Structure formats: C-alpha cells, structure tokens
Amino acid sequence: MPEKNIAEVQRQAHSRMAQMGFTFSRDNRGFIIAAQGYLMLAGIGLLINGSLLADGASRPAFLHLFTLGFMLFMIYGLGSHMLPRFTGNPVREGVWPWWQMGLAHAGVASYVAGYLLGWHGLVIVGALLAWLSLAVFTFRVWPVLWPKKC
Amino acid sequence: MHKRNRLFVSIALIYGLLGGLIAIVRLLDPSLIPGNVPRAHGHIMLLGFILMMIYGIALHVLPRFGGFPLYSERMADWQLYAANTGLPLMIAGWLGWRDMLVMTGGLFTYGAIVLFGLNMILTVRGKGSA
Ligand code: HEM
Ligand code: HEM
Ligand code: HEM
C-alpha cells in the first residue's frame with residue numbers, strides 16, 4: 001500500500017476509536033500528561049539530593065511531587081477512563097473534571113512551594129486544595145460504582 | 001464489574017479521603033491526633049488508597065488481559081477481608097503506640113498481598129478454572 005493510504009487508514013482507525021470511546025478524553029489526557037511532568041519534577045530531587053528523598057525540610061515536597069503529582073494524577077486519568085468502561089455507567093463530566101484538575105494542580109503546587117519556601121500557611125492551603133480535588137474525584141466516580149437502581 | 005472489586009475501589013477512595021484528612025488536621029495542630037500520624041498517613045495512602053485501588057482494578061482487568069478467568073474468586077474475597085482487617089489494626093497501633101497491633105495488622109495486610117499475588121500469578125499463567 002502506498003504510504004499516503006496507510007496514513008489515511010491510520011487516521012480513520014484512530015478517529016473510529018475516538019468515536020467509540022477507546023481513547024482518552026481531553027480531561028484524562030491532561031491528567032496523564034501532567035502526571036509525567038510531575039514525575040520528572042519529583043526526579044529532580046534525585047539530582048539535587050543524590051537520593052529521591054533527603055532527610056530535611058524539602059523531603060515532603062519531593063515525596064508529594066511523586067505521590068500527589070504522579071501517583072494521584074495517574075489514578076485520576078486511568079480511573080475515570082477505565083471505571084465507566086468496566087461498569088457501563090457514566091462518570092460525572094462537564095465542569096467537574098476541570099475543577100478536579102485545577103484543584104489538584106493548585107494543591108500540589110502550593111503544598112510543594114510551601115515546604116520549599118518554609119511557609120506553613122501555604123502548605124495548609126495546598127493540602128486543603130489537594131484534598132478537595134480528591135473529594136471531587138470521589139463524587140464523580142461514586143455513581144459509576146454504585147448507580148441508582150432504575 | 002464484580003461487587004467485590006467495586007468495594008475495593010470504593011474503600012480505596014474512602015481511605016484516600018481519610019488519610020488526607022488526618023494529614024490536614026496534623027498540619028493545623030499536631031497535638032489534636034495522638035500517635036505517629038505521618039506514619040499512619042503514609043500507610044493509609046499507600047496501603048489503603050493506592051494498593052486497594054490497584055487490587056480492585058487489577059482483579060477486574062488482569063484476567064481479561066490474560067485471557068483466563070480469575071483463578072479463585074474465594075481467594076479474592078479473603079483478600080478483601082484480610083486487607084481491611086490488617087490496615088485498621090496497623091493504624092490503631094500507630095496512633096496508640098501499640099507495636100503488637102501494628103505487627104498483627106501487618107500479618108493480615110501481608111496475607112492479603114500474598115493472596116493477591118498468588119491469585120494473579122495463577123490467573124495470568126493460564127491456570128484459570130475454565
Ligand atoms: C490530601 C493530600 C495529602 C496531604 C494533605 C498530605 C500531607 C502530608 C503531610 C503533612 C505529611 C507529613 C510530612 C512531614 O511532616 O514529614 C505527609 C507524609 C507522607 N505522605 Fe502525604 N499528603 C497527601 C497525600 C498523599 C498521598 C496521595 C500519598 C501516597 C500515595 C502520601 C504519602 C505520604 C507518605 C508516604 C508520607 C511519609 C510518611 C512518613 O514519614 O512515614 N500522601 N503527607
Ligand atoms: C517490594 C517493594 C517495595 C520495597 C521493598 C520498598 C521499600 C521502600 C523503603 C525501604 C523505603 C524507605 C526509603 C527511605 O526512607 O529512604 C521506601 C520509600 C517509599 N516507597 Fe517504597 N518499597 C516498595 C514498593 C513501593 C511501591 C509499590 C510504592 C508505591 C505505591 C512505593 C512508594 C514509596 C514511597 C512514596 C516512599 C517514600 C516515603 C517516605 O520515605 O516517607 N514503594 N520504599
Ligand atoms: C505488610 C505491610 C506493611 C507493614 C507491616 C509495614 C510496617 C512498617 C513499619 C513498622 C514501619 C516503621 C519502620 C521504622 O520504624 O523504622 C514502616 C515504615 C514505612 N513503610 Fe511500611 N509497612 C507495610 C507496607 C508498606 C508498603 C506496601 C509501603 C510502600 C508502598 C510502605 C512504606 C513505608 C514507608 C515509606 C515507611 C517509612 C520509612 C522511613 O521513614 O524510613 N510500607 N512500615
């Protein structure tokens with residue numbers, strides 16, 4: 001097959017998969033991409049300290065770049081992609097995923113900056129925002145797991 | 001999706017919210033919750049939130065990706081009971097400075113890990129029951 005046709009077939013297959021909902025939606029794509037960014041930021045701790053986690057004031061910062069930034073964002077992106085497909089129940093969409101994402105970014109950023117700068121108040125703000133984003137995620141997937149009987 | 005696996009995911013979310021909450025309370029006032037709160041928080045998050053989430057998703061998806069049914073549904077049920085007996089005991093032990101409780105809970109938690117690991121190995125290697 002000539003190269004152009006292959007590209008065309010690939011494009012069609014991709015568009016079909018997107019229409020059938022195999023591929024990530026825009027919000028979940030954002031979560032997964034952000035997770036990789038945070039993973040690389042967390043890895044900077046390795047370069048600076050010679051170990052991922054040094055004993056010191058910056059320890060919770062790099063630790064939570066990994067746990068909140070990488071692990072939590074991966075769960076957000078994969079969870080809201082997979083759970084509706086496993087159960088056949090819809091996840092809450094609309095503005096909710098974007099609130100969840102905004103809160104999570106603001107939360108990690110404030111929490112980490114708070115520890116690096118030594119501003120305890122900023123740590124608390126970040127902690128609250130990150131927690132709220134988890135609450136939004138829970139609110140979004142709960143009806144996926146436990147749908148109302150119809 | 002099997003009810004047990006949905007329970008794993010739901011319990012994971014609840015542990016996540018709980019673990020975040022005790023960390024926030026500690027940041028606000030370290031004297032409000034007694035015991036080794038960072039250690040309890042770390043394990044609620046890693047064993048309660050992340051690991052239970054992985055349990056629920058993996059029990060659903062690995063048999064499908066592997067092409068064989070789950071080796072044992074009973075083992076997976078006992079895994080749910082063991083994991084959720086173990087972690088509360090560990091948390092109680094850390095918050096109450098009772099090392100024996102942490103150890104007992106740790107045995108249950110480890111039991112769940114072994115049940116999961118064996119079940120997954122036997123499933124993915126193609127020794128499924130049908
Ligand atoms: C709601 C979001 C979260 C908040 C507010 C939070 C807050 C905290 C705080 C205040 C500490 C103690 C830091 C110190 O003084 O040393 C801590 C430690 C820790 N956190 Fe988090 N955290 C959050 C999410 C997570 C997540 C999602 C994970 C794992 C997946 C995690 C894993 C840990 C671990 C492993 C420790 C260290 C425990 C130890 O030192 O034994 N955290 N966190
Ligand atoms: C058999 C597997 C594992 C072993 C033997 C292991 C061992 C360890 C050890 C010894 C530490 C302490 C390092 C230090 O304090 O300098 C540590 C830290 C950590 N591990 Fe693992 N780990 C394992 C699996 C995992 C997994 C699967 C995760 C993620 C879900 C994870 C997440 C973490 C995190 C976030 C920390 C840093 C928390 C802190 O130091 O307070 N580990 N691990
Ligand atoms: C059978 C399950 C487990 C038991 C019984 C257990 C028990 C313990 C105990 C007793 C400590 C305190 C060690 C000390 O005082 O030096 C500890 C620390 C820790 N554990 Fe676990 N744990 C378990 C599973 C895990 C898992 C699965 C992870 C990671 C995914 C983890 C991560 C950690 C971390 C990061 C620390 C803090 C290490 C440090 O501060 O250097 N634990 N655990």
Side-chain angles (χ1 to χ4, degrees), chain A residues 35 53 55 59-60 63-64 66-89 91 100 103-104 107-108 110-111 114-115 119-147, chain B residues 1-33 36-66 69-70 73 76 80 84:
Chain A
L53 301 164
D55 292 321
R59 180 190 172 94
L63 171 62
H64 288 80
F66 181 66
T67 59
L68 283 178
F70 177 65
M71 287 160 81
L72 188 65
F73 270 71
M74 282 299 273
I75 287 186
Y76 282 170
L78 291 174
S80 37
H81 181 77
M82 294 193 294
L83 291 172
R85 286 160 178 77
F86 292 171
T87 57
N89 305 323
V91 64
Q100 182 192 331
L103 286 165
V108 183
S110 316
Y111 185 90
Y115 272 112
W119 295 355
H120 188 66
L122 196 56
V123 173
I124 294 181
V125 170
L128 285 170
L129 295 176
W131 190 86
L132 280 177
S133 100
L134 182 57
V136 172
F137 177 64
T138 305
F139 171 73
R140 289 181 58 217
V141 299
W142 204 262
V144 176
L145 298 162
W146 309 105
Chain B
M1 198 176 182
H2 194 290
K3 182 167 179 199
R4 179 219 318 115
N5 302 340
R6 286 185 286 138
L7 273 172
F8 263 128
V9 173
S10 309
I11 293 171
L13 291 168
I14 292 169
Y15 273 125
L17 291 170
L18 180 78
L21 214 52
I22 70 165
I24 291 171
V25 171
R26 174 168 168 96
L27 284 173
L28 290 171
D29 181 354
S31 67
L32 279 180
I33 306 178
N36 192 340
V37 177
R39 183 128 306 157
H41 160 80
H43 287 79
I44 291 174
M45 285 314 202
L46 292 167
L47 289 174
F49 179 50
I50 305 285
L51 193 59
M52 302 255 185
M53 180 70 73
I54 290 177
Y55 282 164
I57 303 265
L59 280 170
H60 179 86
V61 95
L62 288 185
R64 286 165 172 78
F65 286 171
L70 188 65
E73 298 286 345
L80 176 74
N84 286 289

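To find a chain, count down the sequence lines: A is the first, B the second, and so on, and within it residues start at 1. Bear in mind that the values here come from a model prediction, so they are computed numbers and not experimental data.
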Note to self: Would the distance check show the side chain of A:His81 and the main-chain N or O of A:Gly77 forming a donor-acceptor pair, the cut-off being under 3.5 Å?
What the structure shows: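 Checking the backbone N and O of A:Gly77 against the side chain of A:His81, no donor-acceptor pair under 3.5 Å is found.
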Notebook entry, point to check: Do any pairs count as a side-chain hydrogen bond (donor to acceptor under 3.5 Å, both in side chains) and have a residue in residues 41-53 of chain B, sequence neighbours left out, and if so which ones?
Noted result: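 As it turns out, there is no side-chain hydrogen bond (donor to acceptor under 3.5 Å, both in side chains) pair with a partner in residues 41-53 of chain B once direct neighbours are skipped.
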Solution key, residues 12-26 of chain B side-chain donor-acceptor pairs under 3.5 Å, sequence neighbours excluded:
none

Item checked: Contact origin within A:Ile75 toward chain B - heavy atom pairs under 4.5 Å ->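 Contact with chain B involves the side chain of A:Ile75 alone.
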Check: Is it the side chain or the backbone of A:Leu72 that comes within 4.5 Å of chain B heavy atoms, both, or neither?
Finding: side chain
Margin query: Suppose the criterion is ring-ring contact (aromatic ring centres under 6.0 Å, His included): which pairs have a residue in residues 119-140 of chain A, not counting sequence neighbours?
Written below: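 As it turns out, the ring-ring contact (aromatic ring centres under 6.0 Å, His included) pairs with a partner in residues 119-140 of chain A, which skip direct neighbours, are A:Tyr76-A:Phe137, A:Trp96-A:Phe139.
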Check: Looking only at heavy atoms, what is the nearest atom pair of A:Phe73 and A:Ala35, with distance?
Finding: CB-CB, 3.7 Å
Margin query: Does anything in residues 3-10 of chain B reach chain A? List residues with heavy atoms under 4.5 Å apart, or say none.
Written below: B:Lys3, B:Arg6, B:Leu7, B:Val9, B:Ser10
Item checked: Nearest-0.5 Å distance that lies between atom CE in B:Met53 and atom CG in A:Leu83 ->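 If I round to the nearest 0.5 Å, the distance is 7.0 Å.
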Item checked: Atom pair CZ/CD1 of A:Phe86 and B:Ile57 - distance to nearest 0.5 Å -> 5.5 Å
